[in-house]
Amino acid sequence: MTASTIEASVTVADLKDSIQRHARYSLGKNWSDLSPRDRFNAVALAVRDRLVDRMLETVDRYRRRDAKRLYYLSIEFLIGQSLGNNLHNLGIRDACREALESLGSNLAEIEATEPDAALGNGGLGRLAACFLDSLATLGMPGYGYGINYEYGLFKQEIDHGYQREKPDNWLSQSCPWQIARPDEACLVPIYGRIEHSVDRKGVYNPMWMDWKVLMGVPHDMPIAGYGGTVNFLRLYSARSSHDFDMGIFNDGDYFKAVQQKISSETISKVLYPSDAVVGGQELRLLQEYFLVACTLRDVVRRFEQDHASYREFPDKVAIQMNDTHPALAVAELMRMLVDEKNLEWDQAWEIAQATLAYTNHTLLPEALEKWSVPLLDHVLPRHLQIIHEINRRFLIQVGAAFPSDGDRLRRMSLIEESSPQHVRMPNLAIVGSHSINGVSEIHSGLLKTSLLRDFCQLWPERFNNKTNGITQRRWLLNANPGLAGLISRTMGDRWITDLDELRKLEGSADDAAFQLEFRGIKRQNKERLARLILETSQVKVDPGSLFDVQAKRIHAYKRQLLDVLHIVHEYLCLVEDGRSPAVPRTYVFAGKAAPGYWLAKQVIKLIHNVARVVNSDPRARDWIRVAFIPDYRVSLAEKIIPAADLSEQISTAGMEASGTGNMKFALNGALTIGTLDGANVEILEEVGSENIFIFGLNAEQVRHLREQRTYRPKDYYDRDPRVRRVVDALSSDRFCRGESEVLAWVRPTLLDQNDDYFHLADLGPYLNTQDQAAEVYKAPAAWTRRAILNVARSGKFSSDRTVREYAEDIWHIEAV
Ligand code: NBG
């Protein structure tokens with residue numbers, strides 16, 4: 001059934017009736033007495049009814065076909081809001097708008113009250129959410145499995161230029177999309193000890209004893225694809241187990257029992273706020289195990305409903321580990337197959353490897369997970385034993401393939417011989433997987449030649465690339481209705497499920513009438529963002545200026561600082577040299593810093609200080625504005641991205657695995673200024689070098705400078721007066737304004753501590769390239785042509801393409 005026939009079958013009257021019924025019987029009030037938030041709840045429940053019908057139909061369809069299923073394990077799913085997307089994908093958006101109008105309400109206002117499900121930090125979690133949308137749209141049996149954090153990523157507030165973190169208790173009013181399934185709760189043992197015993201035949205038979213038990217209660221969120229299929233995302237909440245608590249109750253220690261309950265429930269309390277580096281807290285380890293253990297129990301239960309022999313397991317089940325956070329799946333699946341299903345080790349290992357696959361999302365060494373052996377021994381003693389056994393067998397294999405290469409054994413071992421020893425999670429994930437992939441061409445290449453070289457030499461056939469993608473349903477259809485409408489009027493709406501169709505827009509790139517409409521839409525989006533900036537940041541910006549946007553997590557390697565150096569340069573040219581910029585610009589920043597990441601937080605403060613000086617200087621009024629929009633999240637990205645002219649993708653080459661924001665901006669008609677890093681390289685290939693602004697060192701040059709230790713930031717400072725002036729200005733009190741020392745870190749970071757991220761090496765080329773961008777922007781027809789070509793050539797970056805590649809090469813699942 002297509003979206004339009006579904007739409008026809010759901011009448012406005014039906015929806016209206018169902019919304020009113022939910023107001024009355026689910027919420028216990030009349031529609032007219034509901035708060036805005038409850039109005040959203042009533043609408044969501046009415047939409048959920050339709051989702052559930054289709055979800056049950058979908059489950060049935062897969063089951064009748066005995067289809068192979070994919071389970072996508074991810075510690076993060078950054079869903080954002082769901083109402084708009086669900087209405088689009090069910091094809092009932094217009095019907096819902098009409099139904100609400102007849103109730104005297106406005107759909108846009110109701111959509112705006114939905115809290116973001118911020119169960120993720122950044123790209124990794126948002127990628128998982130885009131994949132779910134694509135899986136459902138492609139009609140593929142693929143499910144997300146994650147944790148139902150009670151507190152999502154913190155809310156960011158700005159206080160005197162500093163980030164403050166506030167808790168995001170998004171579940172406090174319960175989420176209308178979720179269906180709790182306490183009847184499918186599972187029990188997860190943790191802690192305890194191993195008793196080394198032998199069975200009746202004298203075979204070693206270790207017993208995991210005296211464990212404590214957690215309970216995982218699944219909550220399902222229906223995931224609507226465009227066109228009728230509805231899959232689900234299963235999120236687990238931790239509850240304390242009754243069985244266990246009763247034991248303590250019976251011992252008469254009531255307070256201890258309550259304490260125990262509280263501490264079990266903390267497992268799903270809060271999302272760890274960092275997208276690259278997470279400290280080695282025990283709670284985090286418990287979260288990772290909790291996710292893996294609950295998921296695998298569910299996977300096995302579903303498999304056993306219809307199958308008797310575990311030999312069939314890899315033909316019916318694919319499990320993707322999104323980064324190493326779920327890497328314990330390797331040990332847990334082995335434990336279940338060997339200890340619970342009584343399979344021989346070799347057979348279990350074959351099954352596990354054929355089922356599991358691993359995606360790497362970063363090359364940053366500090367982001368590679370490892371867990372201390374004593375901690376693992378304490379929390380998961382049986383798993384540690386299994387990991388040692390996997391390692392023993394693995395090292396024999398390495399030794400056979402590369403005789404007398406002790407250093408290789410040391411490098412590849414699952415155990416790092418530090419004190420205490422640590423288990424290397426990437427190594428565990430790799431050894432247990434039949435497929436290992438990176439997320440862009442350059443990243444996958446670097447994995448093979450640097451980070452995972454040893455493994456690639458052993459098993460080259462396991463390594464592959466899957467360039468990231470984004471769903472056009474959220475990032476164009478839902479986020480940019482103006483542009484989506486223009487495209488559909490021009491060439492029909494097949495692009496919604498086949499983004500390559502956008503190529504047809506190439507023919508309109510020079511069409512004056514089309515250009516005019518295209519610019520008109522961008523202008524409207526900019527006006528909307530200008531209002532939002534005024535509301536949230538109290539900065540008045542001109543929608544006629546060039547909107548130069550950097551929106552992403554704040555991180556040294558992403559180089560928000562480089563962006564600031566450019567602003568300061570432009571400002572100094574204006575006030576010191578009397579040379580105004582080629583075009584008026586609005587510099588927009590948005591992004592959160594991990595609460596424990598000092599430098600990133602200083603960068604936020606720096607942006608605010610520069611903004612304060614520039615925005616209040618009458619000489620700069622008509623030329624430069626700087627705004628930091630607080631609390632970056634999916635719903636805010638949906639407003640910022642469609643309004644951007646220039647997309648800042650300026651990471652130090654070799655450090656951004658892929659990036660996905662870069663794709664969203666291009667799809668919405670922003671031109672990229674960026675380095676040859678991550679997916680920028682492939683955006684360049686697609687859009688052509690005339691339609692993108694590339695500058696700076698490439699990954700090879702960065703590697704060379706690092707290895708040879710030949711980089712001297714001071715040389716750039718000495719040689720280029722522009723560089724010197726900017727650094728000096730930031731070392732003076734010009735941007736401190738009475739807060740002495742707040743920017744004292746800038747100069748040493750750039751000059752004395754050797755500028756780890758090569759800001760000064762890239763600054764000159766960056767400034768030149770920014771000038772080129774401004775020159776093009778001065779000629780609206782030339783700029784618009786490039787912007788249209790960016791949209792037209794973004795087809796490759798649909799997550800539909802990415803998911804199809806995973807499905808064919810790794811998961812071996814099909815549309816049903
Ligand atoms: C991030 C990378 C991004 C990439 C996303 C999705 C982590 C660990 N990695 O470059 O930094 O786009 O993953 O693959 O969050």
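Atoms within each ligand, like the ligands themselves, are counted from 1 in listed order. A quick note: this is a predicted structure, and the numbers were derived from the prediction, not measured.
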**Report entry** NZ or CZ of Lys592 within 45° of Phe154 ring axis and under 6.0 Å
**Finding:**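 Here Lys592 passes the 6.0 Å and 45° test against Phe154.
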
Per-pair distances, 0.1 Å, donor-acceptor, side chain in residues 126-133, under 3.5 Å, sequence neighbours excluded:
residue, atom, partner, partner atom, Å
Arg126, NH1, Leu78, O, 3.1
Arg126, NH1, Ile79, O, 3.3
Asp133, OD1, Thr471, OG1, 2.8
Asp133, OD1, Arg473, NE, 3.0
Asp133, OD1, Arg473, NH2, 2.8
Asp133, OD2, Asn89, ND2, 3.1

Query raised in the report: Can you list every salt bridge (charged side-chain N to carboxylate O under 4.0 Å, His left out) pair that touches residues 278-287, not counting sequence neighbours?
Result: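 Applying salt bridge (charged side-chain N to carboxylate O under 4.0 Å, His left out) to every pair that reaches into residues 278-287, excluding sequence neighbours, yields Arg284-Glu288.
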
Requested in this report: Using the test side-chain hydrogen bond (donor to acceptor under 3.5 Å, both in side chains), find all partners of Glu682 that sit at least two apart in sequence or belong to another chain.
Outcome: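 Glu682 satisfies side-chain hydrogen bond (donor to acceptor under 3.5 Å, both in side chains) with Thr467, Lys796 only.
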
Give me the pairs of N or O atoms, one from ligand 1 and one from the protein, that sit under 3.5 Å apart.
residue, atom, partner, partner atom, Å
ligand 1, 9 (N), His361, O, 2.9
ligand 1, 10 (O), Glu656, OE1, 2.6
ligand 1, 10 (O), Ala657, N, 3.3
ligand 1, 10 (O), Ser658, N, 3.0
ligand 1, 10 (O), Gly659, N, 3.0
ligand 1, 11 (O), Tyr557, OH, 3.3
ligand 1, 11 (O), Glu656, OE1, 3.2
ligand 1, 12 (O), Asn468, OD1, 3.4
ligand 1, 12 (O), Gly659, N, 2.8
ligand 1, 14 (O), His361, ND1, 2.6
ligand 1, 14 (O), Asn468, OD1, 2.8
ligand 1, 15 (O), Asp275, O, 3.0

Query raised in the report: Are Arg706 and Asp756 within salt-bridge range, i.e. N to O under 4.0 Å?
Result: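 The answer is no: the pair does not qualify as a salt bridge.
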
Query - Any donor-acceptor N/O pair, Asp454 side chain to Met412 backbone, under 3.5 Å - result: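 Answer holds: no.
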
